[in-house]
Undergrad: 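Pasting a structure here, questions to come.
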Amino acid sequence: MPGLNERREDIPLLAAHLLRQLAARTPIAGRFFDGDAPRLSLAFVRALLRRSYATHARELAALVWEALSESTGDRIELPARAAQPANAAESAGDDRHQPHALGAIEDSQAGLSPGAIQACLDEHNGVIEDAWRPLGLSSRHALARLIKKHGLEIRRRAR
């Protein structure tokens with residue numbers, strides 16, 4: 001099966017599918033939908049299409065989750081970290097020739113902001129076993145390492 005870099009026309013469709021899955025598990029995501037169709041900003045879609053994907057669907061899932069967790073309006077916007085070029089050469093040049101328009105992310109774990117991780121943990125009541133998949137991580141152990149790395153809190157709500 002060809003990777004995302006060879007099937008760019010599928011990227012918006014996959015992003016919409018991932019958002020529908022997140023909306024089914026995360027009630028807050030419902031505000032970004034008109035019926036079954038998610039509302040995505042043009043800047044976000046363009047950035048997804050320009051990006052070079054090393055880890056394919058996991059990387060796309062992490063970017064979609066980060067955008068979802070950081071968007072404040074009624075559309076899913078480009079995350080602040082992703083809007084900034086990775087280096088000065090990118091900011092000076094034409095971004096159509098830059099394969100890493102969302103920044104130089106080696107793997108999906110590096111693409112997660114501490115805020116996105118904390119939001120997912122809070123959404124899943126601090127249960128690591130439930131939170132690692134929506135973040136697009138390879139295992140619960142990867143999430144545990146990121147929690148430790150960023151000094152995040154596991155907050156549990158009283159039942």
Undergrad: Of all the heavy-atom pairs spanning Phe33 and Pro38, show the shortest one and how long it is.
TA: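 Residues Phe33 and Pro38, closest heavy atoms: CD2-N, 3.6 Å.
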
Undergrad: So Glu77 and Phe44, do their side chains get closer than 4.5 Å, heavy atoms only?
TA: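 Not in contact.
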
Undergrad: Under a 4.5 Å cut-off applied to non-hydrogen side-chain atoms, are Leu63 and Arg51 in contact?
TA: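 With C-beta onward as the side chain, the pair touches.
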
Undergrad: Without swapping roles, check the side chain of Glu70 against the backbone of Ala67 for a donor-acceptor pair under 3.5 Å.
TA: no

Undergrad: CG of Asp130 to CZ of Arg140: how many Å apart, nearest 0.5 Å?
TA: 11.5 Å

Undergrad: Compare all side-chain heavy atoms of Gln118 with those of Asp122 and state whether any distance is below 4.5 angstrom.
TA: yes

Undergrad: Where do Ala29 and Ala23 come nearest, in terms of heavy atoms and distance?
TA: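 Smallest interatomic distance, heavy atoms only, reads CB-CA, 3.7 Å.
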
Undergrad: To the nearest 0.5 angstrom, please state how far the CG atom of Leu40 sits from the CG atom of Leu78.
TA: 11.5 Å

Undergrad: Could you tell me whether the side chain of Leu19 reaches within less than 4.5 Å of the side chain of Phe32, counting heavy atoms only?
TA: no

Undergrad: Give a yes or no on whether a salt bridge exists between Arg25 and Glu123, defined as a side-chain N under 4.0 angstrom from a carboxylate O.
TA: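 Here Arg25 does not pair with Glu123 in a salt bridge, since their nearest N and O are not under 4.0 Å apart.
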
Undergrad: With a 4.5 Å heavy-atom cut-off, do Ile76 and Arg39 have their side chains touching?
TA: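 Not in contact.
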
Undergrad: Quickly, which of Leu135, Val127, Leu143 forms a side chain to side chain contact (heavy atoms under 4.5 Å, CB included) with Leu121? Name it, please.
TA: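 Per the side chain to side chain contact (heavy atoms under 4.5 Å, CB included) rule, the option paired with Leu121 is Leu143, out of Leu135, Val127, Leu143.
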
Undergrad: Measure the CZ-CG distance between Arg156 and Asn125 for me, rounded to the nearest 0.5 Å.
TA: 6.5 Å

Undergrad: Looking at every non-hydrogen atom in both residues, tell me the closest pair between Leu49 and Pro12 and how far apart they are.
TA: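 For Leu49 versus Pro12, the nearest heavy atoms are CD2-CD, 3.8 Å.
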
Undergrad: For the residue pair Leu48 and Arg8, what are the closest heavy atoms and their distance?
TA: O-NH1, 4.2 Å

Undergrad: Using 0.5 Å steps for rounding, measure from the CD atom of Glu9 to the CG atom of Leu4.
TA: 10.0 Å

Undergrad: At their closest point, which heavy atom of Tyr53 faces which heavy atom of Leu60, and how far apart are they?
TA: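 Minimum heavy-atom contact is OH-CD1, 3.8 Å.
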
Undergrad: Ignoring hydrogens and angles, tell me if any N or O in the side chain of Ser139 forms a donor-acceptor pair with the backbone of His141 under 3.5 Å.
TA: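 Judged by distance alone, yes, a pair lies under 3.5 Å.
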
Undergrad: State whether the number of non-hydrogen atoms from other residues, nucleotides or ligands found under 6.0 Å of Arg75 atom CZ is greater than 12.
TA: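 Result for CZ/Arg75: enclosed.
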
Undergrad: Using a strict threshold of under 4.0 Å (side-chain N to carboxylate O), is an ion pair present between Arg31 and Asp74?
TA: no

Undergrad: Any idea which heavy atoms bring Ala116 and Trp65 closest together, and the distance?
TA: O-NE1, 3.1 Å

Undergrad: Quick check on His124: does its NE2 atom have over 12 non-hydrogen neighbours (other residues, nucleotides or ligands) under 6.0 Å away?
TA: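 Result for NE2/His124: enclosed.
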
Undergrad: Quick check: does any side chain N or O of Ser71 sit under 3.5 Å from a backbone N or O of Leu68, one acting as donor and the other as acceptor?
TA: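 Such a contact is absent between Ser71 side chain and Leu68 backbone.
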
